[in-house]
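A short worksheet on the structure shown next.
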Amino acid sequence: MPQFLRFAFVLSCLPFLWATNVPAGAADLGDLYHSQTIVTGQGEENRQLGFRTCLDKVLVRVSGDQRLLARREMDALRDKAGSFVDSFRYHDRMEGIPIHDEQGTHDRPHDLTCFYKPDVIDRLLASLGSRPWLGERPTLTVFLTTEQGARHFMLSAEEGRGETMRESFVNATGPMLMHVAFPKAAQLADFGEGALRATDMARLDRVAKQAGGDRALAGSIVWSDKELGWVADWRLADHGKTYRWQVRGVSFDDAFRVAIGGAAQILSGNGQP
């Protein structure tokens, strides 16, 4: 090949080589620095409320740290939440449904999406003693046992009774830009419910990779009439330490949000959920 053609070929390959050197699973900045909430209409009052919620969400999304929202400094930041927004847009959740009776657009629910400049959010995180989590956001393979009265099962990729739970888990990952996988029934064949709850995380991490994930998120949810909701216990191993956390008296949607939020807090280096 003539030298000038060889040189041109090398130049044409450079973008591909750079792209392949991006860490697998690293957060995409374009996806990371925005958040969304539901507001009623497009009025200023509801927009400002939406800005407050979106600020909470983007700070947790970027940092992985669920504890930030309890910081006293957050009250002052929420009061001027709109000043941190670079741009925003609305989407009418009832798009295509005609306005009826006396209803105005202020009565219609809208998705409010807020976009932020990375340096603005990074400075806010620094002021809160936090930092962005820009590294890999691994896929978690979920090992879950479910108990509601006489109804018991282990959640697998095929389990018909777990369809809504799998959907709920997937929904819970979106705000944190994470992903989940579920083991096939055959991969759970060596476990009983009791054994799954007692199995060490190192073994579950090995099975997690066989199921298409990077590591295991193990848990159990048990319905409690006393708590008027589910009691959920979660486990995840990171750097040789097994973390455990719990939530009580919640819907399984909330239980799975707590699971993903806790995992994000651990994996982002922010410690115990």
Side-chain angles (χ1 to χ4, degrees), residues 27-133 167-168 170-178 228-229 247 249-262 264-265 268 270 273:
D28 183 277
L29 296 187
D31 292 332
L32 189 60
Y33 286 87
H34 75 263
S35 58
Q36 185 179 92
T37 190
I38 299 174
V39 296
T40 303
Q42 300 183 36
E44 179 65 19
E45 182 178 354
N46 286 327
R47 182 183 306 134
Q48 293 303 321
L49 292 173
F51 284 162
R52 293 168 67 94
T53 302
C54 281
L55 179 64
D56 283 1
K57 289 186 173 184
V58 77
L59 291 175
V60 172
R61 180 184 180 91
V62 173
S63 69
D65 190 355
Q66 318 296 305
R67 299 170 300 183
L68 289 181
L69 304 187
R71 297 285 299 268
R72 288 180 299 176
E73 299 95 319
M74 283 300 303
D75 291 335
L77 295 180
R78 291 183 183 112
D79 287 342
K80 51 184 179 181
S83 67
F84 306 123
V85 177
D86 183 50
S87 63
F88 63 90
R89 70 183 181 210
Y90 286 105
H91 174 255
D92 187 345
R93 294 175 65 88
M94 299 174 66
E95 185 177 20
I97 301 175
I99 296 174
H100 53 83
D101 300 327
E102 297 288 327
Q103 182 193 41
T105 57
H106 62 283
D107 293 320
R108 295 166 71 90
H110 286 70
D111 292 319
L112 170 64
T113 304
C114 295
F115 300 87
Y116 303 85
K117 291 183 177 178
D119 61 324
V120 171
I121 296 302
D122 292 354
R123 284 197 299 269
L124 289 179
L125 289 175
S127 74
L128 295 167
S130 187
R131 65 194 186 284
W133 175 29
E167 292 174 354
S168 178
V170 171
N171 291 337
T173 63
M176 298 307 302
L177 279 183
M178 297 178 72
L228 298 177
V247 64
V250 297
S251 67
F252 66 69
D253 292 317
D254 285 333
F256 300 159
R257 280 191 284 266
V258 168
I260 297 299
Q265 184 162 314
S268 61
N270 286 297

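We're numbering straight along the sequence, starting at 1. Atom set for the values below is all heavy atoms of this structure, side chains included, hydrogens, waters and symmetry mates excluded.
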Positive for ring pair (Phe, Tyr, Trp, His ring centres under 6.0 Å) with F51, one of F84, F115, Y116, F88: F88
Shortest non-hydrogen contact from G43 toward Y90: O-OH, 4.5 Å
L77 CG to L59 CG distance, which is reported to the nearest 0.5 Å: 7.5 Å
Value rounded to 0.5 Å, distance of CG in L68 from CD in E73: 9.5 Å
Flag, side chain of S130 to backbone of L125, donor-acceptor distance under 3.5 Å: no
Contact summary for V60 and M176, nearest pair of heavy atoms: O-CE, 3.3 Å
Euclidean distance, T40 OG1 relative to H110 NE2, rounded to 0.5 Å: 9.5 Å
Considering all heavy atoms, the nearest L112-C54 contact: O-SG, 3.9 Å
Residue E45 excluded, over 12 heavy atoms near CD under 6.0 Å: no
Spacing of M178 atom CE and I260 atom CD1 [to the nearest 0.5 Å]: 5.5 Å
Stepwise side chain to side chain contact (heavy atoms under 4.5 Å, CB included) test for V120 and D86: CA-CA 9 Å; V120 171; D86 183 50; over 6 Å; no
Short side-chain to backbone donor-acceptor contact, R61 and S35, under 3.5 Å: no
Side-chain H-bond candidate by donor/acceptor type, S268 with N270, under 3.5 Å: yes
Distance, nearest 0.5 Å, that separates CG of L55 from OG1 of T37: 12.0 Å
Close side-chain approach of H34 and T113, heavy atoms under 4.5 Å: yes
Atom pair CG/CD of N46 and Q48 - distance to nearest 0.5 Å: 10.0 Å
D122 and Y33: CA distance, side-chain angles, deciding distance, side-chain hydrogen bond (donor to acceptor under 3.5 Å, both in side chains) verdict: CA-CA 10 Å; D122 292 354; Y33 286 87; 2.6 Å; yes
Check: R52 main-chain N/O paired with R78 side-chain donor or acceptor under 3.5 Å: no
Residues R257 and D253 bridged, charged N to O under 4.0 Å: no
Residue pair Q66 / V258, side-chain heavy-atom distance below 4.5 Å: no
